[in-house]
Amino acid sequence: MIEVRYERGVYLPQQDFWLDPWDAKSFAFVSHAHSDHIAPHQEVIVSERTARLMRVRLPGSRIEHPLPFGERRSIRGVDLMLLPAGHIFGSAQCLVFAGQETLLYTGDFKLRPGKSAEEPEWRHAETLVMETTFGRPRYRFPPTKEVIDQMVAFCVETIDATEVPVLLGYSLGKAQEILCALEGAGLTPMLHGSVYQITRIYEQLGQSFCKYMRYNRNDVAGKVLICPPSANRSPMLEKIPRKRIALISGWAVDPHAVYRYQVDAAFPLSDHADYDDLLRYVELVQPRRVLTLHGFAAAFASDLRARGLDAWALTEENQMELHFGRREMARKCLPTNSATARLPNESAQQSEFLDFANVGEAIGATPAKLEKIRLLSDYLRGLTGEQLPIVATYFTGRAFAQSDPRILQVGWAVIFRALQEATRIGDSEFHRSAGRHGDAGKTAFEVLDGRTAPHPFSVMESAELFQNLHRARGSIAKAQLLRQRFSVLSPREGQYVVKILTGDLRIGLREGLVEEAISKAFDVSLDEVKQANMLLGDIGRTALLASQKELHSAELSLLRPIKCMLATPEPSADAVWNRFMEAAGIERDQSGSSIPGTVYVEDKFDGIRAQLHRSRDSVEIFSRDLRRITGQFPELVEQARRFDQELIADGEIIAFDKGRRLTFFDLQKRLGRKDDTSDLFAGAAADVPVVFVIFDLLWMNGRSLLKTPLRERREQLGTLVLPPQFHRANVTPARSAAEIEQIFQDARRRLNEGLMIKDSESFYLPGTRGMFWFKLKRELATLDVVVVAAELGHGKRNDVLSDYTFAVRDETTGELLPIGKAYSGLTDVEIAELTEHFKQNTITDHGRYRRVQPNVVLEVAFNSIQPSTRHASGLALRFPRIKAIRRDKNVDSIDTLQYARELAIRSGN
DNA sequence: AGTGTCTGCCCC
DNA sequence: ATTCTGC
DNA sequence: GCAGAATGGGCAGACACT
C-alpha cells in the first residue's frame with residue numbers, strides 16, 4: 001500500500017509529494033483556492049480554474065502545473081490525474097498511481113450538484129483519503145431545493161417587513177452558490193466587496209449570474225446583502241439598523257446554530273458532503289483502506305470500521321464543529337470549549353449574563369437530554385468559583401437556593417408593570433404582545449427588542465439585582481428596580497431575568513438534568529452530586545463543591561432536612577400488587593431470593609408532609625420541599641422536646657380535634673398564618689389543633705436508618721415513647737391484592753382518601769418516586785358538567801383552547817352555574833379537536849377567553865368538593881381533572897347544583 | 001379604615 | 001396535587 | 001421509567017388604592 005503520513009497536510013513519502021499542506025513546501029497539490037490551502041509553495045499542481053483564482057488571491061511567482069480534469073500526467077516523477085470534486089469552482093481531487101496501486105485524495109468535496117461547481121467524478125482506488133467535515137449522522141442535509149426555497153422565503157419576508165436580509169457565506173464558492181440560488185426569485189443581491197471581487201473573477205472564467213450590485217450603504221433597502229461570515233457584528237453591518245441575518249452553512253443543521261453564531265436564521269446549504277454522501281462515496285470508490293481527515297474524522301472512521309472497512313483518522317481534531325468553517329476560520333477564531341462559540345470580529349464588549357441566556361436558548365433548542373447536559377456542562381466548566389453557584393441555581397429556575405429562605409415577592413403583575421414602564425409601550429400594544437404569547441419571558445423579549453440600550457450585565461450584578469429585589473419593600477419599589485435594569489438589558493437577557501423571576505425556564509431542563517451536568521462537568525459521580533444536593537438543598541453550593549472535589553463534605557445530619565421519599569400513584573389494588581410481583585420476580589431472577597410476600601399498608605393522610613428533627617436541645621420541622629415550618633407549629637415543637645431520643649422522623653401533620661381527624665380544609669386555615677411566638681397557644685394553634693402522625697424513622701441516636709429495611713425502621717419506631725400530639729401510623733400487613741382491596745374498602749368507610757402501600761424490605765430513598773411505595777386512591781364520585789367558556793393555554797399550549805370553565809345546572813332556576821376549571825386529563829389530540837369545536841361554537845370572543853355554546857359535556861373527577869366564593873355555584877373542586885369527554889350526553893343530562901351540594905355535605909365539608 | 005389585588009420555590 | 005409527552 | 005411542562009383551588013399576608 002502507498003505509504004501515507006499526516007503532518008499539517010497529507011504527505012506521501014515514497015513520492016515526496018504533499019497534498020494540501022498548510023505550510024509552504026517545495027512540491028504540492030492544491031485542491032482548491034480557499035485561502036488556507038494556498039501557501040507559497042515552490043511548485044504546485046492545480047486545476048486550471050484553481051490556478052486562475054490562486055493568482056488573484058496569492059500574488060507572487062511559483063511553478064504551476066495547471067492540469068485539465070481526467071488526464072493522466074507524470075510530473076516530477078509522480079503519476080497522477082485530477083478529477084472534479086464539486087466543492088467549489090475549480091476544486092479537484094487527486095488520483096495518484098504507484099504501480100498497481102492507486103490512492104484517491106478527495107480534498108474538499110460534495111456529491112450533490114451545485115450551480116457554480118463542476119460535477120464531481122470518481123474512480124476506484126485502493127486507498128481513499130477523504131475529508132469528513134460532516135462525518136456524524138446528525139449532519140444530513142435536506143434537499144437543496146427545499147433549503148433554497150426557505151432561504152428565498154426568509155429574504156422575501158424580511159424585505160416585506162422593511163428590514164434588510166443579510167446572508168452570510170464564504171466569499172469564494174458559497175457566495176456564488178447563494179447568488180445562483182436567488183436567481184429567478186425577483187430579488188436584487190448586493191455583494192460585500194470581497195464577494196464582489198471573487199464573483200467578477202468567476203465571470204471572467206465564463207460563469208454567468210443574475211443581476212447584482214456592489215455594496216452601497218445608502219441603498220440597502222429592498223436588497224439582499226451577501227457577506228462573508230466575518231462581516232457578522234462588523235461595523236459595516238452594525239450601521240444597518242433593521243436587518244435579519246442568516247448563516248448559510250452545513251452547520252445550520254445543529255439545532256442551536258442560531259444561538260451559537262448569533263444570527264436570526266440558519267440554512268443548511270453546504271459545499272461539503274453530508275454524512276450520507278460520505279458513506280455513499282466510500283461505496284462508489286470501493287477502497288481497501290480509508291483514511292479520514294477534518295471534522296469528525298475519528299468518529300467517521302469508527303463508523304466505517306463498524307461496517308467492516310479498514311478505516312482510520314489521520315487527525316484527531318474532533319472539535320472542528322466549534323470552529324466555524326474549519327480551517328479558513330480557525331486561524332482567526334478564538335479557541336473555545338464553550339457552547340457560545342462566536343464568529344470572529346465580534347464586538348468587544350461581552351455580557352456574561354447574555355452568555356448565560358444564550359446557553360439557555362441552546363439548551364431549549366435541542367430536545368435531546370444528553371445534548372442539553374453536554375451544553376450545560378461545557379458552560380459550567382468555564383465559570384469562576386464565584387459565578388458557578390449563582391448560575392447553577394439560575395438553571396433550576398430560581399434566584400436563590402432552595403434552602404435559602406429569601407423570597408422575591410415578584411410575580412406577573414410586577415414584571416409586566418416594569419416592562420411596560422421600561423419600554424413606554426402603550427397598553428394596547430403591550431397587551432397584544434402579552435396576549436399573543438401567554439408567556440412572560442417571550443413577551444419580555446418582544447417588547448424589549450429595540451427599546452433598550454443594552455450594556456454588559458455580569459453574573460455578579462445579576463445576583464445583586466435579585467438580592468435588591470428581595471430587599472425592596474412593596475410592589476412599586478420592586479417594579480421600579482426591575483424597570484431600571486430592563487432598560488439596560490438586551491431583550492434576551494430581559495427574557496431570562498423574567499424566566500428566573502417566574503421560576504419557569506421552559507427550556508426542558510430542571511434540577512435533575514442540572515445535577516447530571518454538574519456530574520459531567522467536574523467528573524464526579526452522579527450519585528454523589530444528588531446526595532450532596534439533597535443534603536444541602538443548594539444546587540449552587542453542590543456545583544461548587546463538585547468543582548473542588550469536596551462533595552463528601554456534605555453529610556446527613558440532624559437539623560438539616562433531606563428530601564422525602566415519594567409514592568407512585570396506582571388506580572387499583574390489583575395494579576399495586578402486580579407492581580410488587582414484577583419487582584419481586586426480577587429480584588428473584590437475579591439473586592435467587594424469595595418474594596417477600598407481605599407488604600405494609602397504611603392510611604394515606606390528608607395533611608402536610610413533614611419531617612421532624614429532634615436533637616438534644618432543639619427541634620425543627622420541615623415541609624416536603626425542605627422549607628422550615630418550625631414556627632408554624634409551636635405546640636408540636638414544645639411537645640417534641642419530650643422525646644427521649646435524638647431522631648429524624650417522617651410523617652404527616654393533620655388537623656385533629658377531640659379524637660377526630662379533621663379535613664385538609666380545616667388545616668389550611670392556619671397554614672399561612674404568621675405565629676406570634678409570644679402567644680404560643682392563644683391564636684392559630686388553639687383554633688385548629690394538629691397532631692403529627694409519624695410513619696417512618698430515618699435517624700436515631702447518631703445512626704442513619706436510610707439503608708435499614710422499612711420492617712426494621714418500623715420496629716424501632718414501635719419502641720418509641722410518644723409525647724402527646726404525636727401519633728404512630730398503623731400498619732396492616734397484606735399478602736394479596738384481595739387483602740389490599742379489603743383494607744381499602746374499610747378505609748373508604750372511614751372516609752379516608754386512600755392507602756399507602758410499601759415494600760417492607762425497602763430502604764428509604766430520599767427524593768425518588770420509585771417502585772417501593774405506592775398510593776392507592778379512587779374518586780368518591782365524578783360530576784358530569786358542561787363547558788361554558790374556553791381559554792388559550794400557555795407555553796406550548798398558547799395556540800389551543802386548553803383551559804375549560806365548566807358548570808352544573810341549578811334545578812330551581814335552570815341556570816348554568818360555573819363550578820370549576822380544568823385542563824388536566826385530555827390528550828393533545830383531544831385538545832386540538834375541542835379547540836376546533838369551540839372556535840366554531842363561540843358566543844363571545846374576548847381574545848384569550850371566549851364564552852362558548854354549552855354543548856360539550858365532560859366527566860370530571862376531583863379530590864374533594866367544598867364551599868367557595870370563586871365560582872357562581874358557591875362550590876369549588878379540589879384537584880379537578882377531566883376523566884372523559886361524554887359525547888353521548890348533552891347539556892340536558894348534566895349533574896345539578898343540588899347533587900353537587902349533597903356530595904359536599906356527604907364528604908364532610 | 002375598609003376594600004381590592006397580588007403573591008406564595010403556598011399547600012395539596 | 002394530576003396528567004400527558006418525548007426520550 | 002423518568003423528567004419535564006402545563007394545568008387546578010384556597011388560604012393568609014402584604015401592600016395599594018380610595
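This structure is a prediction, so every number in the text was calculated from the model and none was measured. The chains referred to below are lettered A, B, ... by the order of the sequence lines, with proteins before strands, and numbering in each begins at 1.
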(message) Which nucleotide wins on minimum distance to the side chain of A/Asp606, given the candidates D/dT7, B/dT7, B/dC12?
(response) B/dC12
(message) Heavy atoms from C-beta onward define the side chain here; which of D/dA3, C/dA1, D/dG9 lies closest to that of A/Phe879?
(response) C/dA1
(request) Classify the side-chain pair A/Arg848/A/Asn798 by whether it contains a donor and acceptor separated by less than 3.5 Å. (result) yes
Would you mind classifying the nucleic acid contact of [X] as base, sugar-phosphate or nothing, using non-hydrogen atoms under 4.0 angstrom?
{"X": "A/Lys775", "result": "sugar-phosphate"}
{"X": "A/Ile882", "result": "nothing"}
{"X": "A/Leu626", "result": "nothing"}

(request) Please state the C1' separation for the pair D/dG9 and B/dG8 - nearest whole angstrom. (result) 14 Å
(message) Using a distance-only criterion (donor-acceptor N/O pair, under 3.5 Å, no hydrogens), is the base of D/dA5 paired with the side chain of A/Arg797?
(response) no
(message) Does atom CZ (A/Arg750) have a neighbourhood of more than 12 heavy atoms from anything else shown, all under 6.0 Å?
(response) yes
(request) Output yes when at least one side-chain N/O atom of A/Arg417 is less than 4.0 Å from OP1 or OP2 of B/dT5, else no. (result) no
(message) Can you tell me how the ring of A/Phe356 sits relative to the ring of A/Phe395, calling it parallel under 30°, perpendicular over 60° and tilted otherwise?
(response) perpendicular
(request) Please work out whether the ring planes of A/His794 and A/Trp412 are parallel, tilted or perpendicular, with thresholds of 30° and 60°. (result) tilted
(message) Show me the dot-bracket string of DNA chain D, counting Watson-Crick or G-U pairs under 3.5 Å, with | for pairs to another strand and [ ] for crossing ones.
(response) ||||||||||||||||||
(message) Judged by each residue's nearest nucleotide on DNA chain B, which is more toward the 5′ side, A/Phe605 or A/Glu511?
(response) A/Glu511
(message) Going by salt bridge (charged side-chain N to carboxylate O under 4.0 Å, His left out), A/Lys530 matches just one of A/Glu511, A/Glu516, A/Glu515. Which one?
(response) A/Glu515
(message) Looking at A/Arg886 and A/Ala884, would you say the former's side chain and the latter's main chain have a donor-acceptor pair under 3.5 Å?
(response) no
